[in-house]
Structure formats: C-alpha cells, structure tokens
Amino acid sequence: MEASPDNTAADDFFEGCQLISQGAEARVWQTELLGRQAILKQRFNKKYRHPTLDTKLTNTRLKQEVRSLLKARKLGVMAPTVYLVDFKTRAIYMEHVAGKTMKEVLNAAEVDLAEVQGMLVKIGQAVAMLHDGGVVHGDLTTSNIIVRDNDQQVVLIDFGLSSNTSIAEDKGVDLYVLERAFTSAHSIHGNLFDKVLEAYKGSSRHWSSTLNRFAEVRMRGRKRLMVG
Amino acid sequence: MQRNLLHTKHCPRPGSRKLKSYKLRKLVSHLIFNAWPVLRVGRQACGTKAIYQDLLRDCSGKSQPSWSINSRELREQIVEGALEPEAAFIKASMVPDLFIIRLAAYQALLAHHNGSLTTRSLHSELLFNLSGSKHIAESLKKFGVSEGCSSLLVARFDAASNDGDQIATYVQGNLTPISGLSSCADPQAIKEAYKILPLELELGSLADAVCGRMSTRSC
C-alpha cells in the first residue's frame, strides 16, 4: 500500500517524534507537545484515492475518532485525553498513557494470573459502560487495551473504527472480536474471556439482548450472511 | 485547495449574507484586546512543529483578586482599540492550568499558519480557543474581561520584555507571580462553562477534561 507522510506538513514535522506503530490508515508517533508527553496519530495520504475523497474520508474518520474518545471519557471509561486536532495535517495529539498493552501483559514470561483477573474484570466493566452509552469500539483487541503503569487502570485506545450505535448486533460483534483476540492469542492461560463476559454482564444494563446477539454472532462469525 | 476553501469561508465577499455577522465578529474581537501580566509567547514563522516549542517561555504573573479590576473601562478601551500592545485578557478564574493557555495559543498559531483564523487577531483567537463552544461572542464574554471579574491573566504573543510593564498600567491591580494561578481558579464555574460531568473528574484532573472540550470543539 502506498503511504507517505502528508506533504503539506513541513519536513521537520516529525522531528523529535518516535514512530510507535503503523497501520493501514495512520502512523502513531510518540512526541512532546508543549512540554507534555503526547501521542501523535497522523492519518497519511492515500495516493490511490481521489484527493477530494481522501480529504473528506480522512476528516470524517478523524472527527469520529475524536468524538468517540471524548464520549468515552464522558461515560467514565478511561481513554486518552485529546489535546489537539489538526485537520490540515490530519493529526490528533493525545495524552500519552504510560503502560503495557494487555497483549504484552499476557505474553510476558511471567504472568501473575491473580492480577490479570482483576484487569479482565475492569475490561468487562469498561466495555459495558461504553456499550451502555451507545459507543461501540469497533476494534477491541488485546493490543488496544493498555494497563497503566502507575495504577493498573485499564485504558482503551484506538477509537479509529468506533461508531455510535445502540444496536445489539454491533455490540455483539464488538464482544466477539474481543473474544477472538483472547482465544486466538492467549489461550494458554485458560479461558480468560469468560471473566470479561461475567463482568460485562454484571455492569451492563442491556446485557441480555447483547449476550443473545453475541451467541448468534459466535455461531456464524463476525460477518452477516447477506443472501437474497 | 483546502486553503481556498477556508478563505472563502472566513472572508465573505461584500454583499454576502455572512458579512453582517462578520462585522459583529470584528467588534467583539476588539473587546478582548487588552492586557495585564504577560505570558510571553514566541511566534516563530512557520514549520508546524517549531512554533510550539518556543511558545511559552516566561510568565510574569497576574493580578491579585484583592479588589475588582477596572473591567468596565478596560472593556471600553478595548472596544476603541486604544490599548497598545495588544494582548489577550483572560478571566483567571476560568483557567485551571497554564497548559490550557498554551494549548489555546498553539491552536491559534496553527490556525494563523493555516490561514484559518476564525476571529480577527491571534489574541482574540486565543480567547476563543479557550472556549468549548463555537459561539464567538459568548466565548469572549465568558472567558474575557467582564464586569466584576477580580483576577486577570494576560497573555501576549511575541512579547517584548517591557510589554508587561506597559500593559500593567492599563489594569488597576497587583501583579502576582504566575504560580498563584491555581488559587484563582473557580472549579465550579469552569465545570459549568464546559459542562463537565462528575464522572469525567474521576478519570483525571479538571484540566484534562477542559483540554478535551477545547480540542474537540470543531468535531
């Protein structure tokens, strides 16, 4: 995939930035903003798209991500604070959360299972709060969950695929994606996802419809069959 | 292309319906141009990144809330555009943290750099950026000098070393060190202004919540 940093930005735009990861839509850098550690997420140009369409799509996604980040915080779910949104360079500056991703925690040489249990409960509660508030994360995987260093708090990141919805189907798919992440990569630790689901059930108001849907999704997979 | 879009959006041609509100905007932004203790903010030409690093090197202070400031005269002077050098006068009670001011200044510089200033000057843009709403007049009223406000924080871009003294003569009050800013803040008023929920405050500081509101205004 052709991807290059936005040319409208000055060459020194990324000076002092450290690349953390790169996906299909954006690059994530660690940088400093006005004396604070910050994360810079920049959505790069897609050369194969018509420029107008590209700008439009990018701006919509940028906005959606920022809205969801803010909404998550309003709902009491830990998510990075947004510092700055720059539409010109298609970048979001947000709070840098110091910690390990859930994936790193589970893949570490020594895993303290008792500690992990506590984290799983927090994940279940966070997802439930998010869903009750009408936000679906869209990409709940173990690498999008950070366990903060100082207080072991669970922080959800990457709301790039999030959407505002209160349909049980979407929430079910959200949970399904999370289950797949746990079962496919971390099954050596036993069935971790059950604990998440239990906590979800305990704190979500609409758990029954969501879990029914979740069972259905589990049977058929994430994608719906569209026949006829 | 993007620049053109912005240009047409913010500079209505004569005869267009937007012109009327534009004039109003100009007037309102004049209201804010006045000053007191100075945050020195360096405006470096462009290169997106370079701007910010020099943003805020030195802050001299703000006035003591010992008595009410001459806010009415100040406002009048601002309307006349009589105050020189121009600066942003911010209600200190609405500022939970200096980082907020830096962020607003940074955003203003960025808008200036992109040619997309919403208000008439950098200083009014700073004030406008502080607010979580898109309503200019309302933002300026809420965060700028208003009657009965007892402490002011004054910020100026590209401040020369004697600007502070000059600006200090416009305001009746005592200069106090910037470290006293936090004691001026009125958390209740801030929460009301930004509509911050108690749930959010459990996650982080008031300043964090305010950051989120400021930066997501355009979204």
Side-chain angles (χ1 to χ4, degrees), chain A residues 6 8-17 31-36 38 40 42 51-52 55-56 58-95 97 126 129 133 148 151 153 155, chain B residues 1-6 39 41 44-57 97-116 129 132 194-219:
Chain A
D6 197 318
T8 53
D11 281 344
D12 62 345
F13 184 74
F14 292 112
E15 203 185 283
C17 298
T31 179
E32 213 188 275
L33 180 71
L34 308 171
R36 283 198 192 181
L40 165 58
Q42 200 244 354
T52 314
T55 312
K56 197 141 196 174
T58 310
N59 280 356
T60 328
R61 286 172 191 173
L62 212 61
K63 277 184 188 172
Q64 182 55 40
E65 177 165 6
V66 170
R67 277 190 205 134
S68 298
L69 277 167
L70 182 68
K71 184 134 188 222
R73 282 187 79 90
K74 280 187 189 168
L75 293 170
V77 177
M78 270 291 187
T81 316
V82 181
Y83 289 150
L84 187 84
V85 186
D86 184 359
F87 288 100
K88 191 77 186 284
T89 53
R90 317 153 139 218
I92 304 177
Y93 289 82
M94 54 192 143
E95 178 191 354
V97 181
M129 277 159 105
R148 209 155 58 174
D151 56 1
Q153 193 62 247
V155 184
Chain B
M1 193 201 63
Q2 203 174 12
R3 175 165 291 210
N4 279 341
L5 276 178
L6 288 168
L39 298 173
V41 182
Q44 284 197 350
C46 285
T48 335
K49 194 91 208 274
I51 304 173
Y52 329 110
Q53 271 148 17
D54 262 10
L55 240 175
L56 205 100
R57 248 187 228 137
D97 192 321
L98 256 191
F99 183 72
I100 304 289
I101 304 290
R102 289 177 195 178
L103 210 57
Y106 184 98
Q107 282 176 355
L109 286 171
L110 212 58
H112 179 74
H113 173 51
N114 292 342
S116 59
N129 281 343
Y194 291 99
K195 299 193 180 75
I196 290 168
L197 313 169
L199 216 51
E200 262 173 285
L201 294 173
E202 287 169 20
L203 302 178
S205 65
L206 186 58
D208 281 346
V210 172
C211 277
R213 297 308 158 97
M214 275 169 52
S215 55
T216 52
R217 177 181 57 188
S218 54
C219 297

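Letters A, B, ... mirror the listed sequences (proteins, then strands); counts begin at 1. Heavy-atom basis, side chains included; hydrogens, waters and symmetry copies ignored.
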Note to self: So which residue, A:R36, A:R73, A:M78, A:K63, ends up with the most heavy-atom pairs under 4.5 Å with chain B?
What the structure shows: A:R36

Margin query: Report which part of A:I92 has an atom under 4.5 Å of a heavy atom belonging to chain B: side chain, backbone, both, or neither.
Written below: neither

Which heavy atom in [X] sits nearest to a heavy atom in [Y], and how many Å separate them?
{"X": "B:S215", "Y": "A:V82", "answer": "OG-O, 2.9 Å"}
{"X": "A:Y83", "Y": "B:L103", "answer": "O-CD2, 3.3 Å"}
{"X": "B:R213", "Y": "A:L70", "answer": "NE-CD1, 3.9 Å"}

Check: From A:T89 OG1 over to B:L110 CG, what is the distance, rounded to the nearest 0.5 angstrom?
Finding: 6.5 Å

Item checked: Interatomic spacing from OG in B:S116 to NZ in A:K88 - rounded to 0.5 Å ->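 Between atom OG of B:S116 and atom NZ of A:K88 there are 7.5 Å.
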
Checklist line | B:R102 vs A:L33 side-chain heavy atoms within contact, under 4.5 Å | finding: no

Next item on the list: For residues A:L84 and B:Q107, determine if any side-chain heavy atom of one lies less than 4.5 Å from a side-chain heavy atom of the other.
Entry: yes

Notebook entry, point to check: Who in residues 203-210 of chain B is close to chain A, using a strict under-4.5 Å heavy-atom cut-off?
Noted result: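 Checking residues 203-210 of chain B against chain A gives B:L203, B:G204, B:D208.
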
